[in-house]
Asks: 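Have a look at this one.
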Amino acid sequence: MKTSLRSLLAEKIAEIVNAIAAREGLGYQVGRIRIDYPPEYNLGHYASPVAMELSKVFRKPPRQIAEAIREGLLTDKQASQLISAVDIAGPGFLNITLQVAALSMVVRQKFSISRWLDMVFPIRQEPKTIVEFVSANPTGPLNIVSARAAAVGDSLCRILRRAGIPVHSEYYVNDYGNQVRLLGMSFAYRYAELQGHEICLPENAYQGEYIREVLQQILADESIPPELAPPERGSDLASWAEKAGEFFAPRGIARLVASQKSDLQSFRIHFDTFFHESTLHPAAVEAAFEKLKNLGALYEQEGAWFLASSRYGDDKDRVVIRSDGRPTYLMADIAYHLTKVDRGFSRIVDIWGPDHHGYIARLKGAMQAAGFLDARKQNSFEVLIVQQVNLLEEGKPVVMSKRLGRFQTMRDLTNRIPVDVCRYFFVTRGVSTHLDFDLEIATTQSNRNPVYYIQYAHARIHSIFRQAGIDFDSFEAELSGLEEYLSGDYRDELLYFTLRLPEEIEDIARNYEMQSLAEWLHQTATLFSKFYAQKERNNIVKTLKENPAEGRALLAIAAVTAQALAEGLSLLGIEAPREMTRDDAGEGS
RNA sequence: GCGCCCGUAGCUCAGUUGGAUAGAGCGCAUGACUACGAAUCAUGAGGUCGGAGGUUCGACUCCUUCCGGGCGCGCCA
């Protein structure tokens, strides 16, 4: 089967609708057929509201259209093999119930979730995609919003990749410009302080304690050239600091970036590349400028060059070259994004922090001006804004100020909360919601966290295999001929739900709503727990002894569930342990 | 002032691009281990979906307006 059950049904319904339209003499072709899930399992496996949507086009009552589609499905040779019933409910919902045999058609010889996903995806020719995320300034440790963006971006990449989409993940390092100068200067002042100077840090310097720590690392690794020794005590340090800063800045950035990379690594975040802004200057920036200028997207005014972004929906035009000739950050960012185009990516996804939303219009404007978003090209450029995380400590907000060095770092977070818990927490919420993270509650509740519930279900299945003395990895789930054992006691419900994984992945590849995968994992684990709690009928070890055929069916259900849970967890960068250690458990329960 | 995001159960959040009786976790109440792990299962209490209008077969979802919270509106990055 080269498609999910849902897509197959959607195709069939589309055929049927088009046939009806032709019969009625309407020159109408349906677009995407929406197929959802009924609110309750006993209503069916799939539900579609198409009949209601088509009511206007066909000028007929929804139920009448639904009836025609029902006829079509039941008389279609391929579809009728899968379907056991089509009910029309409420105002015109089509509720489709599949046959149990549909399960054994999917779970055939050598079946595994992983092989199945490999078969299903890619569903169509997929565009080369680049996802840029985190991209924090290399002037300090990563903060908690970066942690959220990292979890979101990395999970998205894993999911897109699983959907067969060629994905490249990238971190844009802003190692150029004014802030780099300020960073170097900050090191210089701290260095002077070490040399016995009374210093008064300029207000715009980075004040965090980490500046001192990184400075120590630099000093431990290399000696400072004598000509950079601080001037006489009491004299003004400003011009000296400027010069010495040029020495410290690149060294400091290298170490800060390394430290960020190590934070990301411990959060299981993978980047294919780190792209340094400094490599764009000057050649790529100049080339981008020339390109936009030749396309007529720029104009000169009062000695500066402006991008006419208001033509493309921005509130106003934006400066790209200052009147002193230096390019702005926007100009460099345009150059950077044009490299994405040059590198062959036709789908560009950026994940930005909450303070950048005002920036979307101008960058999109630039990409439009550059011809990337030409309607005929089918390219896309999407920006996801990850909203802020309010860090609370016992219900009170933790005040954050990066400049003053008072802020919660990603490291603080991961030191206190296990990575599995953090990553699950971050993707369970939609990216656009502001969310509160109470460290105190997160710490105490992490013991009762939903992520452990999912992992527990997974570990339990492996425990069953250990009890049964069957090797999980070489076991091959196979349901052909075992249909009679697949009904009731949550058996079919669990299997159907589990086999929806490709549909989840397919949806997320389109809408980026990753919280639905977290939800799916939780529901799958819940169904397994219910299945497992049917101790009379679903005791696998016992059934294997009493009725081997039925035992194999139950074992296959469990195996497929474990595979799907492991696969889903890994898509969120969460581990799927085969045993849970008691240390992780809540004590007071 | 303008723009973007958010407002759903006591708390933290889902709600499938307008669909069926608005859901989950935590917390609370009650019950279930001599059977593959009780980190579990079963049952229950808890909602004027921020307020008010509008659009239609149908609105938590779309539009208008108001209220409340957050963030942006540099020739900074």
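Below, chain A is the first sequence line, B the second, and so on; all start at residue 1.
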Asks: Roughly, in whole Å, what's the span from CZ in A:Phe528 to P in B:C36?
Replies: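 Spelled out: CZ on A:Phe528 to P on B:C36 is 12 Å.
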Asks: Can you measure A:Ile360 atom CD1 to B:G3 atom C1' for me and round it to whole angstrom units?
Replies: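 From A:Ile360 CD1 to B:G3 C1': 11 Å.
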Asks: Between C1' on B:U17 and CG on A:Asn511, what's the gap in Å once rounded to a whole number?
Replies: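 Answer to the nearest Å: 8 Å.
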Asks: So, does A:Tyr452 get its side chain near the phosphate of B:G37, meaning an N or O under 4.0 Å from OP1 or OP2?
Replies: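 Looking at the OP1 and OP2 atoms of B:G37, neither is under 4.0 Å from any side-chain N or O of A:Tyr452.
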Asks: A:Ala288: what forms a side chain to side chain contact (heavy atoms under 4.5 Å, CB included) with it, not counting sequence neighbours?
Replies: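 A:Ala288 satisfies side chain to side chain contact (heavy atoms under 4.5 Å, CB included) with A:Met331, A:Ala335, A:Leu338 only.
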Asks: Only counting residues at least two apart or in another chain, list the ones meeting salt bridge (Lys or Arg N to Asp or Glu O under 4.0 Å) with A:Asp175.
Replies: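 Not a single residue meets the salt bridge (Lys or Arg N to Asp or Glu O under 4.0 Å) criterion with A:Asp175.
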Asks: Starting from P on B:U16, measure out to CD on A:Glu504 and report it in whole angstrom.
Replies: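 Value for this atom pair: 13 Å.
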Asks: Measure all distances between protein nitrogen or oxygen atoms and nitrogen or oxygen atoms of nucleotides 10-14 of chain B, and list the pairs falling under 3.5 Å.
Replies:
{"from": "B:U12", "atom 1": "O2'", "to": "A:Arg429", "atom 2": "NH2", "distance (Å)": "2.6"}
{"from": "B:C13", "atom 1": "OP1", "to": "A:His434", "atom 2": "O", "distance (Å)": "3.2"}
{"from": "B:C13", "atom 1": "OP1", "to": "A:Asp436", "atom 2": "N", "distance (Å)": "2.5"}
{"from": "B:A14", "atom 1": "OP1", "to": "A:Gly430", "atom 2": "N", "distance (Å)": "2.5"}
{"from": "B:A14", "atom 1": "OP1", "to": "A:Thr433", "atom 2": "OG1", "distance (Å)": "3.1"}

Asks: Please enumerate all residues that pass side chain to side chain donor-acceptor pair (under 3.5 Å) together with A:Asn511, with sequence neighbours excluded.
Replies: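 Partners of A:Asn511 under the side chain to side chain donor-acceptor pair (under 3.5 Å) test: none.
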Asks: Over how many whole Å does the gap from A:Gln388 atom CD to B:C4 atom P extend?
Replies: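 These atoms are roughly 18 Å apart.
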Asks: Give every pair of a protein N or O atom and an N or O atom of nucleotides 73-77 of chain B that lie under 3.5 Å apart, one pair per line with the distance.
Replies:
{"from": "B:C75", "atom 1": "O3'", "to": "A:Arg322", "atom 2": "NE", "distance (Å)": "3.2"}
{"from": "B:C75", "atom 1": "O2", "to": "A:Ser323", "atom 2": "N", "distance (Å)": "2.9"}
{"from": "B:C75", "atom 1": "O2", "to": "A:Ser323", "atom 2": "OG", "distance (Å)": "3.0"}
{"from": "B:C75", "atom 1": "N3", "to": "A:Ser323", "atom 2": "OG", "distance (Å)": "3.0"}
{"from": "B:C76", "atom 1": "OP2", "to": "A:Arg322", "atom 2": "NE", "distance (Å)": "2.9"}
{"from": "B:C76", "atom 1": "OP2", "to": "A:Arg322", "atom 2": "NH2", "distance (Å)": "3.4"}
{"from": "B:C76", "atom 1": "O3'", "to": "A:Arg322", "atom 2": "NH2", "distance (Å)": "3.2"}
{"from": "B:A77", "atom 1": "OP1", "to": "A:Arg322", "atom 2": "NH2", "distance (Å)": "2.5"}
{"from": "B:A77", "atom 1": "OP2", "to": "A:Arg322", "atom 2": "NH2", "distance (Å)": "2.7"}
{"from": "B:A77", "atom 1": "OP2", "to": "A:Tyr329", "atom 2": "N", "distance (Å)": "3.2"}
{"from": "B:A77", "atom 1": "O3'", "to": "A:Tyr176", "atom 2": "O", "distance (Å)": "2.9"}
{"from": "B:A77", "atom 1": "O3'", "to": "A:Gln179", "atom 2": "NE2", "distance (Å)": "3.4"}
{"from": "B:A77", "atom 1": "O2'", "to": "A:Gln179", "atom 2": "OE1", "distance (Å)": "2.9"}
{"from": "B:A77", "atom 1": "O2'", "to": "A:Gln179", "atom 2": "NE2", "distance (Å)": "2.3"}

Asks: Considering only atom C1', compute the distance from B:C71 to B:G31 and round it to an integer number of Å.
Replies: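 Rounded to whole Å, the distance is 49 Å.
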Asks: With a 3.5 Å cut-off and sequence neighbours excluded, list the donor-acceptor pairs that the side chains of residues 464-471 of chain A form with protein atoms.
Replies:
{"from": "A:Arg466", "atom 1": "NH1", "to": "A:Arg578", "atom 2": "O", "distance (Å)": "3.1"}
{"from": "A:Arg466", "atom 1": "NH2", "to": "A:Arg578", "atom 2": "O", "distance (Å)": "3.3"}
{"from": "A:Asp471", "atom 1": "OD2", "to": "A:Ser474", "atom 2": "N", "distance (Å)": "3.1"}
{"from": "A:Asp471", "atom 1": "OD2", "to": "A:Ser474", "atom 2": "OG", "distance (Å)": "2.7"}

Asks: Need one value for A:Gly90: base, sugar-phosphate or nothing, where a base atom within 4.0 Å counts as base even if backbone is also close, heavy atoms only.
Replies: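 Nothing: the residue A:Gly90, judged by heavy atoms under 4.0 Å, touches no strand.
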Asks: Holding to side chain to side chain donor-acceptor pair (under 3.5 Å), I want the full list of residues that pass it with A:Asp315, two or more places apart in sequence or in another chain.
Replies: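 A:Asp315 satisfies side chain to side chain donor-acceptor pair (under 3.5 Å) with no residue once adjacent residues are dropped.
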Asks: Between A:Gln387 and A:Arg578, just flag the one whose closest nucleotide in RNA chain B comes earlier from the 5' side.
Replies: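 This one resolves to A:Gln387.
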Asks: State whether a side-chain donor-acceptor pair under 3.5 Å links A:Gln179 with A:Tyr329.
Replies: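 No, no side-chain donor-acceptor pair sits under 3.5 Å.
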Asks: Please name all residues satisfying side chain to side chain donor-acceptor pair (under 3.5 Å) with A:Arg347, sequence neighbours left out, ordered by chain then number.
Replies: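 Checked A:Arg347 against side chain to side chain donor-acceptor pair (under 3.5 Å); matches are A:Tyr512.
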Asks: Would you mind reading off the distance between A:Lys530 atom NZ and B:U43 atom P, rounded to a whole angstrom?
Replies: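 Value for this atom pair: 7 Å.
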Asks: Round to a whole Å and report the spacing from NE2 of A:His357 to P of B:C71.
Replies: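 So the NE2-P distance, A:His357 to B:C71, works out to 10 Å.
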Asks: Contacts to RNA chain B from residues 533-563 of chain A, heavy-atom cutoff under 4.0 Å, which residues?
Replies: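 A:Ala533, A:Lys535, A:Glu536, A:Asn538, A:Asn539, A:Ile540, A:Val541, A:Lys542 - these, ordered by number, are the residues of the stretch whose heavy atoms sit under 4.0 Å from the strand.
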Asks: Between B:A39, B:U21, B:C36, spot the one nearest the side chain of A:Gln467, thanks.
Replies: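 Among the listed nucleotides, the one closest to the side chain of A:Gln467 is B:C36.
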Asks: Looking across every strand, which nucleic acid part, if any, lies under 4.0 Å from A:Glu579 by heavy atom: base, sugar-phosphate, or nothing?
Replies: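 Counting heavy atoms under 4.0 Å across all strands, the contact made by A:Glu579 includes a base.
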Asks: For B:A38, does either OP1 or OP2 sit under 4.0 Å from a side-chain N or O belonging to A:Tyr532?
Replies: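 Yes, such a contact exists.
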Asks: Taking CE from A:Met514 and P from B:U16, how many angstroms apart are they, rounded to a whole number?
Replies: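 Checked: the CE to P distance equals 16 Å.
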Asks: Taking side chain to side chain donor-acceptor pair (under 3.5 Å) as the test, write out the residues that go with A:Thr339, two or more places apart.
Replies: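 A:Thr339 satisfies side chain to side chain donor-acceptor pair (under 3.5 Å) with A:Arg343 only.
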Asks: Does A:Arg6 pair with A:Glu506 as a salt bridge, N-O distance under 4.0 Å?
Replies: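 So A:Arg6 pairs with A:Glu506 through a salt bridge.
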Asks: What distance, rounded to whole Å, do you find between the two C1' atoms, one in B:G1 and one in B:C60?
Replies: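 About 31 Å, rounded to a whole number of Å.
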Asks: My validator wants the stems of RNA chain B: runs of 3 or more consecutive Watson-Crick or G-U pairs, both distances under 3.5 Å, written as range with range.
Replies: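 Correct response: B:1-7 with B:67-73, B:10-13 with B:23-26, B:28-32 with B:40-44, B:50-54 with B:62-66.
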Asks: Could you note down all residue pairs passing salt bridge (charged side-chain N to carboxylate O under 4.0 Å, His left out) where residues 57-68 of chain A supplies at least one of them, sequence neighbours left out?
Replies: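 Listed once each, the pairs are A:Glu24-A:Lys60, A:Glu67-A:Arg70.
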Asks: Check every strand shown and say whether A:Pro354 touches a base, only sugar-phosphate, or nothing at a heavy-atom separation below 4.0 Å.
Replies: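 Sugar-phosphate contact only - A:Pro354 comes under 4.0 Å of backbone atoms but never of a base.
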